[in-house]
Number of protein chains: 2
Amino acid sequence: MTISFGSGRSRLVQMKQRIDECREQPDDDENCPVRGIMDRIGSKWSVMLIMVLAERPHRYGEIRRAVPDISQRMLTQTLRELQQDGLISRHVHPTTPPTVEYRLTQLGLTLLDPLSGLLNWAETHSEAIVAARLAYGAADGRVDPGLQSAV
Amino acid sequence: MTISFGSGRSRLVQMKQRIDECREQPDDDENCPVRGIMDRIGSKWSVMLIMVLAERPHRYGEIRRAVPDISQRMLTQTLRELQQDGLISRHVHPTTPPTVEYRLTQLGLTLLDPLSGLLNWAETHSEAIVAARLAYGAADGRVDPGLQSAV
DNA sequence: CCGAATCCTTACCGATACTG
DNA sequence: CAGTATCGGTAAGGATTCGG
C-alpha cells in the first residue's frame with residue numbers, strides 16, 4: 001500500500017495505548033473488542049474458512065470437502081462464530097434436501113486485504129522463521145538459552 | 001494506492017492452494033509453517049508483547065509492568081517462542097543484578113506493518129462487529145438460526 | 001444434506017513456590 | 001532482577017452418535 005515502511009511501529013504503539021485503556025475498566029468483555037477479534041482470527045479454523053469463502057460462496061458440504069481435516073463440530077461452530085461477528089452470512093434455500101450456502105459479507109470482504117497482508121508476510125518469511133527455530137538451541141545439542149546477540 | 005480493492009481475495013485463494021498442498025504430505029509439522037505462524041500470532045500474548053517491544057526495547061521487568069495481567073510463566077514462555085521464531089532477540093548484560101533486554105529483530109520489524117494493518121482493521125470495524133454480535137439472536141429473545149439474508 | 005448433543009482427551013494457562 | 005518447576009482448573013477441540 002502507499003503507506004511508508006515505518007508506519008507500522010507508531011500505529012502499533014497507539015494501538016497498545018487503546019488496549020491498555022480497555023484494561024482499566026474491569027467490564028471484562030465487550031469493552032475491548034480488538035482482543036476478542038484477534039483471538040477469533042487466531043482460532044484454529046477461522047482463517048482457513050475465510051480463505052475458502054474468499055474464493056466463492058460455498059455450501060456446507062463443499063467447505064467440508066475443501067477442508068478435509070476439520071470435524072463437523074468445529075466447522076459448524078466456527079461458521080456460527082464468523083456469522084455472529086457479521087463476517088459471513090448463511091442462506092437457506094428451502095429445497096429438499098435443504099441447501100445451505102455460506103458467503104462473505106461486505107464486512108468480511110474488508111478483512112481480506114489486511115488478512116492477506118499478514119499471510120503474505122508469513123509465507124514470505126516462513127523460511128527465515130524455520131531457520132531461526134533450527135538455529136535456536138544450536139551448539140552441540142546443548143540447550144543453553146544464555147546470551148546471544150543476533151540482531 | 002496502486003493496489004486494487006479485490007487483490008486480497010485472489011491472494012488469499014492462492015494462499016489456500018499452498019496450504020492445501022501442505023496437507024498432502026503428512027509430515028505433520030515443519031512443512032506448513034504458515035499455519036504455525038498464524039497460531040503464534042493468535043496466541044494470547046504474542047501480539048501484545050510485540051506491540052510493547054515495537055515502542056522500544058524493554059527489560060524483563062519493564063514488560064511485566066507494561067502488561068500487568070500476564071503471569072511470569074506466560075511472559076517467559078511467550079518471549080522464548082518469539083525468540084525462537086527470530087522475531088525478538090535477548091541480550092544479557094553481565095551486571096549484578098543481571099540485566100536482560102529484549103528487542104525486535106530485523107525480521108520482527110518487518111512484521112509490524114502487516115500486523116498493524118490487521119489491528120487497524122479490528123479497531124476500525126470493532127463497532128460493526130459488536131453490533132453484529134448483538135443483532136445475532138435478535139427477535140424476541142428467540143434464538144432461531146433459521147433463514148436470514150443480511151447481504 | 002445439514003446440523004445438534006454428548007462424551008472425553010488433551011493443551012493451555014494461571015497460581016504458587018523456589019533458584020542464581 | 002530474571003527467571004525455573006510443579007500442580008491443578010478450565011476450556012478447546014476431536015470422535016461419535018442422534019435428529020429434522
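So that the names make sense, note that chain A is the first sequence line, chain B the second, and so on, each numbered from 1.
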If you restrict it to nitrogen or oxygen atoms, what contacts under 3.5 Å exist between nucleotides 15-20 of chain D and the protein, and what is each distance?
none

Bend of the helix from dC1(C)-dG20(D) to dG20(C)-dC1(D) from end-axis comparison, five pairs per end, nearest 10°, comes to 40°
Rounding to an integer number of Å, can you tell me how far I70(B) CD1 sits from dA15(C) P?
12 Å
Under 4.0 Å between a side-chain N/O of R90(A) and OP1 or OP2 of dC2(C), yes or no?
no
Report, one line per pair, each donor and acceptor closer than 3.5 Å where one atom sits in a side chain of residues 46-62 of chain B; sequence neighbours left out.
from	atom 1	to	atom 2	distance (Å)
S46(B)	OG	R40(B)	O	3.1
S46(B)	OG	S43(B)	OG	2.6
H58(B)	ND1	R56(B)	O	2.6
Y60(B)	OH	T76(B)	OG1	2.9
E62(B)	OE1	R59(B)	N	2.7

Nearest to the Y60(A) side chain among dA2(D), dC1(C), dC2(C), which nucleotide is it?
dC2(C)
What nucleic acid atoms does R64(B) come within less than 4.0 Å of, heavy atoms only: base, sugar-phosphate, or nothing?
nothing
Looking only at side-chain atoms of W45(B), point me to the closest of dG14(C), dA4(C), dC1(C).
dG14(C)
H125(B): partners by ring-ring contact (aromatic ring centres under 6.0 Å, His included), with sequence neighbours left out
W121(B)
Which residues pass the side chain to side chain contact (heavy atoms under 4.5 Å, CB included) test with S71(A), sequence neighbours left out?
R73(A), M74(A)
Which nucleotide in the list dG3(C), dC1(D), dC1(C) gets nearest to the side chain of P97(B)?
dC1(D)
Tell me the interatomic distance from D39(A), atom CG, to dG13(D), atom C1', rounded to whole angstroms.
16 Å
In terms of side-chain geometry, is the basic nitrogen of R11(A) or D113(B) positioned less than 4.0 Å from the acidic oxygen of its partner?
yes
If you assign E62(B) and K44(A) each to the DNA chain D nucleotide with the nearest heavy atom, which residue ends up on the more 5' nucleotide?
E62(B)
Residues forming a side-chain hydrogen bond (donor to acceptor under 3.5 Å, both in side chains) with Q84(B), sequence neighbours excluded:
none
Quick one: does NZ or CZ of R35(A) land under 6.0 Å from the six-membered ring centre of W45(B), within 45 degrees of the ring axis?
yes
Restricting to non-hydrogen atoms, name the atom on I88(B) and the atom on L79(B) that form the minimum distance, rounded to 0.1 Å.
CD1-O, 3.4 Å
With sequence neighbours excluded, residues passing side chain to side chain contact (heavy atoms under 4.5 Å, CB included) with S126(A):
P33(B), I37(B)
Whole angstrom value for the distance that separates P of dC12(C) from CE of M74(B):
9 Å
Distance in angstrom units between R80(B) CZ and dG3(D) C1', rounded
8 Å
H93(A) NE2 to dC2(C) P: how many Å, rounded?
11 Å
Quick one: list whatever passes side chain to side chain contact (heavy atoms under 4.5 Å, CB included) with T96(B), sequence neighbours left out.
none
Nearest to the side chain of R59(A), which nucleotide is it out of dC1(D), dG3(C), dC1(C)?
dC1(C)
Spacing of R35(B) atom CZ relative to dG13(D) atom C1', expressed in whole Å:
13 Å
Between P of dA11(C) and CD of E81(B), the distance in whole Å:
14 Å
For A132(B), enumerate each residue passing the side chain to side chain contact (heavy atoms under 4.5 Å, CB included) test, keeping only those at least two apart in sequence or located in another chain.
none
Return the value, rounded to whole Å, for the distance between atom CZ of R40(B) and atom P of dC12(C).
10 Å
